[in-house]
Q: 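What follows is a single structure, and I will ask about it in a moment.
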Amino acid sequence: MALTKEQKNELEEVLKRTGAHREAGAMERVIPEDYKRNMELVEQKEIILTVPEAAAPVRCVITIAKDKEDQCPVHINMHGGGFIFLQDGDDDLYCAHVAARIHGIVVDIDYASSREYPYPMAFNQSYGVIKWAFAQCETWGADPAKVSIGGHSAGGCLAAAISLKAAATKDFKLCLQVLDYAAIENYSVCEDENGNERSKAFSTYYADGNVEVLKEPYASPAYATTDMMKDQPRTLIVNAQRCPFCQVNEEYGKRLIEMGTEVTIKRFLNSRHGFTIRMVDEWQEAQELIIREILKAGK
């Protein structure tokens with residue numbers, strides 16, 4: 001049964017009451033001027049795509065380096081925000097930095113909020129956009145063998161789920177998946193009376209109240225079967241010591257290793273959930289690691 005208006009109001013109250021850390025983090029950070037100048041090295045354009053996989057159109061931001069190389073890499077980025085919040089300016093800066101450094105293209109998928117479109121809308125939209133991006137490689141002068149995917153928090157969940165589905169369908173072949181403090185297990189918090197209420201609100205919204213769907217591997221990749229984890233792309237797992245998903249992400253990485261996938265796991269000991277994109281803690285080192293792995297995977 002779908003969430004009622006009253007239940008949604010209760011969830012909104014939780015999100016409002018527990019969101020102070022986002023504002024505090026934004027106030028404490030200092031964004032270097034040379035990082036901001038990455039916006040001058042790229043061109044960004046917004047497009048609205050309609051993909052066969054999803055009933056709702058999806059907004060995307062295409063970032064192209066002004067010095068884009070022939071047969072360049074393409075990186076697909078999916079933002080965080082608990083499946084609730086949409087893409088923002090921090091993502092634009094991040095995508096500009098990545099595109100400039102890889103001399104290529106970044107496609108940022110601003111998938112639908114689960115407030116209006118619960119699971120599997122964001123997953124279906126993102127999968128469709130990636131199929132579209134592969135089809136654009138010739139027009140873009142990009143190399144389809146250098147297409148990677150990356151996601152942060154909720155976006156990391158989508159990235160892992162998309163990689164699982166792509167291995168099953170053979171619709172496309174990714175050279176790398178970046179799972180950045182990924183929310184790959186979204187069910188257990190709903191069953192834990194003492195669980196983080198903000199995470200519980202995110203999960204409940206995503207499932208539209210039917211939390212059992214969060215045991216599906218495309219909703220929570222941690223529930224993927226062993227067979228589903230075969231033929232996964234090279235993987236980078238970026239973890240934060242102060243992140244509730246730290247342990248489950250490293251366990252997921254170990255399962256990938258057992259299935260023969262090349263996996264790099266880095267735990268940032270002085271960082272919190274969200275640090276890479278929100279530009280706090282060890283964010284610069286994390287972004288450099290992601291860029292190196294994108295370039296390495298495309299060789």
Side-chain angles (χ1 to χ4, degrees), residues 75-78 80 82-83 119-120 122-124 126-127 130 147-192 195-196 199 202-203 206-207 211-269 271 273-276 286 289-290 292-294 296-297:
H75 184 64
I76 314 292
N77 185 69
M78 284 162 291
F83 306 104
Y119 174 82
F123 172 68
N124 289 339
S126 300
Y127 194 85
I130 294 170
V147 178
S148 58
I149 186 174
H152 321 275
S153 192
C157 173
L158 294 173
I162 286 164
S163 295
L164 291 172
K165 183 175 179 178
T169 64
K170 312 301 181 187
D171 285 333
F172 48 81
K173 185 174 179 59
L174 298 159
C175 68
L176 172 74
Q177 64 172 339
V178 178
L179 308 181
D180 187 22
Y181 42 82
I184 61 169
E185 202 286 295
N186 298 298
Y187 172 76
S188 62
V189 69
C190 297
E191 296 299 295
D192 184 355
N196 181 287
S199 294
F202 285 145
S203 290
Y206 193 44
V211 297
E212 289 299 312
V213 305
L214 298 174
K215 294 180 182 179
E216 296 180 10
Y218 294 159
S220 294
Y223 291 95
T225 66
T226 299
D227 282 346
M228 290 181 71
M229 297 188 72
K230 294 177 181 177
D231 302 319
Q232 290 297 285
R234 183 174 179 166
T235 301
L236 169 64
I237 294 175
V238 177
N239 253 342
Q241 179 76 27
R242 291 176 282 154
C243 172
F245 301 114
C246 184
Q247 183 175 349
V248 71
N249 275 287
E250 292 182 2
E251 290 173 354
Y252 192 75
K254 291 174 183 176
R255 291 183 66 198
L256 289 170
I257 291 169
E258 290 171 356
M259 297 308 297
T261 298
E262 183 177 345
V263 179
T264 298
I265 302 174
K266 170 70 174 180
R267 183 190 293 190
F268 288 86
L269 300 180
S271 295
H273 184 83
F275 76 107
T276 306
L289 173 60
I290 291 169
R292 288 199 305 272
E293 289 298 312
I294 292 172
K296 187 189 302 183

Q: Assign the ring pair Phe83 / Tyr206 to parallel, tilted or perpendicular, where the plane angle (0 to 90°) is split at 30° and 60°.
A: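 Phe83 and Tyr206: parallel rings.
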Q: Could you go through Lys296 and Glu293, starting from their C-alpha distance and side-chain angles, then the distance that decides it, and tell me whether this counts as salt bridge (charged side-chain N to carboxylate O under 4.0 Å, His left out)?
A: CA-CA 5 Å; Lys296 187 189 302 183; Glu293 289 298 312; 3.2 Å; yes
Q: Taking side chain as C-beta onward, heavy atoms only, is Ile162 less than 4.5 Å from Ile76?
A: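 They are not in contact (no side-chain heavy atoms under 4.5 Å apart), so the answer is no.
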Q: I need the Cys243 SG to Phe268 CZ distance, nearest 0.5 Å.
A: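 Atom-to-atom, Cys243:SG and Phe268:CZ are 12.5 Å apart.
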Q: Looking only at heavy atoms, which two atoms of Cys246 and Asn239 are closest? And how far apart?
A: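 Between these two residues, the closest heavy atoms are O-ND2, 3.0 Å.
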Q: First locate atom CD of Glu262, then atom CG of Leu256, and finally report the distance between them rounded to the nearest 0.5 Å.
A: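 So the CD of Glu262 and the CG of Leu256 are separated by 12.0 Å.
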Q: So, does Thr235 use its side chain to make a donor-acceptor pair with the main chain of Pro233 at under 3.5 Å?
A: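 Yes, the answer is positive, given that a donor and an acceptor are paired below the 3.5 Å cut-off.
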Q: Looking only at heavy atoms, which two atoms of Ala219 and Cys157 are closest? And how far apart?
A: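 Looking at all heavy atoms of both residues, the shortest contact is O-SG, 3.2 Å.
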Q: Check Ala286 against Val238 and note the closest heavy-atom contact, atom names and distance.
A: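 Looking at all heavy atoms of both residues, the shortest contact is CB-CG1, 4.3 Å.
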Q: Please report the closest heavy-atom contact between Ala161 and Pro217, naming both atoms and the distance.
A: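 So the two residues come closest at CB-O, 4.4 Å.
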Q: Do Val147 and Phe172 have side chains that approach each other closer than 4.5 Å (heavy atoms only, starting at C-beta)?
A: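 In short, these two side chains do not touch, never coming nearer than 4.5 Å.
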Q: Does any part of the side chain of Tyr223, heavy atoms only, come nearer than 4.5 Å to the side chain of Glu216, both counted from C-beta?
A: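 Glu216 vs Tyr223: side chains apart.
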Q: Say whether, by atom type as modelled, one donor and one acceptor occur between the side chain of Thr264 and the main chain of Leu236 under 3.5 angstrom.
A: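 Between the backbone of Leu236 and the side chain of Thr264 there is no qualifying donor-acceptor contact (under 3.5 Å).
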Q: Under the criterion side-chain hydrogen bond (donor to acceptor under 3.5 Å, both in side chains), I'd like the reasoning laid out for Ser163 against Gln177: C-alpha separation, chi angles, the key distance, then a yes or no.
A: CA-CA 7 Å; Ser163 295; Gln177 64 172 339; 3.0 Å; yes
Q: Closest approach of Ala240 and Ser271, non-hydrogen atoms and distance?
A: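 That closest heavy-atom pairing would be CB-O, 3.5 Å.
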Q: Can you tell me how far CZ of Arg267 sits from CD of Glu250, rounded to the nearest 0.5 angstrom?
A: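 Glu250 CD to Arg267 CZ: 4.0 Å, rounded to 0.5 Å.
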Q: Return a table of donor-acceptor pairs under 3.5 angstrom between the side chains of residues 224-231 and protein atoms on other chains or two or more places apart.
A:
{"from": "Thr225", "atom 1": "OG1", "to": "Met228", "atom 2": "N", "distance (Å)": "3.2"}
{"from": "Asp227", "atom 1": "OD1", "to": "Lys230", "atom 2": "NZ", "distance (Å)": "3.3"}

Q: Calculate, to the nearest 0.5 Å, the distance between atoms CD1 and CG belonging to Ile184 and Leu164 respectively.
A: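 One gets 9.5 Å once the value is rounded to the nearest 0.5 Å.
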Q: Within the supplied structure, the quantity of interest is the number of heavy atoms (other residues, nucleotides, ligands) at a distance under 6.0 Å from Glu251 CD; does it exceed 12?
A: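 More than 12 within 6.0 Å, yes.
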Q: Using only atom types and a distance under 3.5 Å, with no angle test, would you say the side chain of Asn196 pairs donor to acceptor with the backbone of Val189?
A: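 No.
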Q: Give, for atom CG of Leu158 and atom CE of Met78, the distance between the pair rounded to the nearest 0.5 Å.
A: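 Rounded to the nearest 0.5 Å, the CG-CE separation comes to 6.0 Å.
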Q: Heavy atoms, side chains only, cut-off 4.5 Å: are Pro120 and Tyr218 in contact?
A: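 SC-SC contact between Pro120 and Tyr218 ruled out.
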Q: Distance from Ser148 atom OG to His75 atom NE2, nearest 0.5 Å?
A: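 Going from the OG atom of Ser148 to the NE2 atom of His75 covers 5.0 Å.
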Q: Taking all non-hydrogen atoms of both residues into account, name the closest pair between Asn186 and Ala183 and its distance.
A: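 Heavy atoms of Asn186 and Ala183 come nearest at ND2-O, 3.0 Å.
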